[in-house]
Amino acid sequence: MKVLITGGAGFIGSHLAEQHLKRGDEVYIIDDLSTGSMENIEHIKKQPGFHYNLESVTDHRLTAELVDLCDVIYHLAAAVGVRLIVESPVRTIETNIRGTEVVLFHAAKKRKRVLITSTSEVYGKRDRVPFHEDDDLVMGPTNKGRWSYACSKAIDEFLAIAYWKEKKVPTVIARLFNTVGPRQTGRYGMVIPNFVRQALSGEDITVFGDGTQSRCFTHVFDVVAALMKLIEHPHAIGEIYNVGGDYEVSILQLAERIKELTGSTSKIVFLPYDKAYEEGFEDMQKRVPDISKIRKLIGYQPNFSLDEILMSVIEYQRQKMANRNGAPAPIAFR
Ligand code: UDP
């Protein structure tokens, strides 16, 4: 099978590429390295069957060519990370909407199968958990930049469903909940890589707000396995699926656990949202997926516990720090 992965040099895209290569598929990626990096694909760059294109997915000519060549398309190229969204709202909105438009437009010519990755952000400020795929979405006002991410991804979802209904392009939507694992960078605000980096380097661990807000984290391997099953399943077409973990943890508990697992002497400090992001920033207090729909379809069950997820990130960052310093990895125990 020939697989196209947009955003294939990103954190999730590069793991997905690796799994398809392992299965013997031919993998094409397109990535403009805006948030992805060559480092993520260094180990597969020279593998037979792997082809990379360093361009934006909004390049019509190249995307048309790649879509035409491949049997299925995973559309992962997007602006991600709350920090990026707050700092570069124009880029977020334009990248997310234009990229999806271009992919679906070209997929429509030969009705290629497309999986669109969306996000749990689309549930917005909804406070009744768990979130079910058919729930109403509760957005904040348009003068609060954060919601532009949720709205741009919601437009992507509308588009994908419209292409299925009107033009019979087989699309499926995966709403990802806080995916974590090796290769994720904390540069765009993601909490676990940030806390782990702070803990390993002895810096203060910065909990935003009061730390009572909670999330459910999922290991990238669980997510990739789910995406590979979803894109192939005939009954997934035209549908939306939550892909996430079902273990809820508060951000303060998370900081404490990371401090424990790394044996760090870092202090846990609280930073008001206004200082962490921008004046008037609104966070989601809770975010828990209902995973019964995807479980019923493909038998999905997350395999990685929170500690296993955290250890995989800790090991990865230790290795990276060691490589950078040319020294052995720091010992984590008290
Ligand atoms: N957060 C934090 N410290 C950090 C980064 C994030 O306390 O250094 C908090 C953030 O305010 C949010 C949660 O951790 O409540 C998860 O943030 P992330 O950006 O990873 O994902 P989100 O769920 O907000 O998309």
Side-chain angles (χ1 to χ4, degrees), residues 5-13 29-38 40 53-64 66-67 73-107 114 116-125 137-163 173-179 184-191 193-194 208 271-284 287:
I5 303 171
T6 73
F11 154 55
I12 303 175
I29 71 157
I30 177 166
D31 198 307
D32 64 0
L33 301 184
S34 52
T35 54
S37 82
M38 283 309 285
N40 290 342
N53 301 274
L54 303 181
E55 253 308 336
S56 165
V57 71
T58 55
D59 179 317
H60 268 275
R61 192 196 50 77
L62 181 60
T63 300
L66 292 170
V67 166
I73 300 117
Y74 292 95
H75 179 44
L76 277 79
V80 288
V82 178
R83 182 153 307 285
L84 185 66
I85 290 144
V86 169
E87 283 167 8
S88 315
V90 173
R91 178 169 153 203
T92 301
I93 299 165
E94 290 186 348
T95 307
N96 291 355
I97 297 179
R98 270 191 207 149
T100 306
E101 274 173 2
V102 173
V103 167
L104 289 171
F105 175 80
H106 293 295
V114 185
I116 303 278
T117 47
S118 183
T119 165
S120 53
E121 277 266 333
V122 297
Y123 290 104
K125 291 200 274 192
L137 311 180
V138 185
M139 292 300 145
T142 48
N143 61 359
K144 301 234 156 99
R146 180 197 187 129
W147 305 113
S148 64
Y149 177 53
C151 288
S152 66
K153 295 303 279 190
I155 289 288
D156 288 352
E157 293 194 11
F158 278 123
L159 256 184
I161 291 168
Y163 265 90
I173 294 159
R175 285 186 184 155
L176 310 186
F177 282 69
N178 294 79
T179 307
Q184 186 179 39
T185 159
R187 213 174 306 140
Y188 307 107
M190 279 79 169
V191 66
N194 265 331
F208 300 163
L271 199 63
Y273 287 119
D274 290 1
K275 293 227 162 53
Y277 296 111
E278 64 181 353
E279 195 71 35
F281 179 84
E282 293 182 316
D283 200 6
M284 284 102 160
R287 209 192 252 168

Check: [Y] main-chain N/O paired with [X] side-chain donor or acceptor under 3.5 Å:
{"X": "Thr92", "Y": "Ala79", "answer": "no"}
{"X": "Lys153", "Y": "Thr117", "answer": "yes"}
{"X": "Thr6", "Y": "Ala77", "answer": "yes"}
{"X": "Ser148", "Y": "Gly145", "answer": "yes"}

Lys125 atom NZ, over 12 foreign heavy atoms within 6.0 Å: yes
Around atom CZ of Phe105, are there more than 12 heavy atoms of other residues, nucleotides or ligands at under 6.0 Å? no
Would you say [X] and [Y] make side-chain contact, with heavy atoms under 4.5 Å?
{"X": "Lys144", "Y": "Glu278", "value": "no"}
{"X": "Thr179", "Y": "Phe11", "value": "yes"}
{"X": "Glu157", "Y": "Ile116", "value": "no"}
{"X": "Asn178", "Y": "Ser120", "value": "yes"}
{"X": "Ile29", "Y": "Asn53", "value": "no"}
{"X": "Ile30", "Y": "Leu54", "value": "no"}

Counterpart residues, salt bridge (charged side-chain N to carboxylate O under 4.0 Å, His left out), relative to [X] (two or more places apart):
{"X": "Asp59", "answer": "none"}
{"X": "Arg83", "answer": "Glu87"}
{"X": "Glu94", "answer": "Arg98"}

Taking side-chain hydrogen bond (donor to acceptor under 3.5 Å, both in side chains) as the definition, give me every residue that meets it alongside [X], ordered by chain and number, with sequence neighbours left out.
{"X": "Ser152", "value": "Asn96"}
{"X": "Asp32", "value": "Ser34"}
{"X": "Asp31", "value": "none"}

Minimum-distance pair of heavy atoms, taken over all atoms of [X] and [Y]:
{"X": "Phe281", "Y": "Asp274", "value": "N-OD1, 4.3 Å"}
{"X": "Thr63", "Y": "Ser56", "value": "OG1-O, 4.2 Å"}
{"X": "Val122", "Y": "Ala150", "value": "CG1-O, 3.6 Å"}

Quick one: are the ring centres of Tyr277 and Phe208 less than 6.0 Å apart? yes
Once rounded to the nearest 0.5 Å, what's the spacing between atom CZ of Arg146 and atom CD1 of Ile85? 7.5 Å
Report the distance from atom CD of Glu101 to atom CG of Leu159, rounding to the nearest 0.5 Å. 6.0 Å
Are Glu282 and Trp147 linked by a side-chain donor-acceptor pair shorter than 3.5 Å? yes
If the test is side chain to side chain contact (heavy atoms under 4.5 Å, CB included), which one of Met139, Arg287, Met284, Arg175 qualifies with Tyr123? Arg175
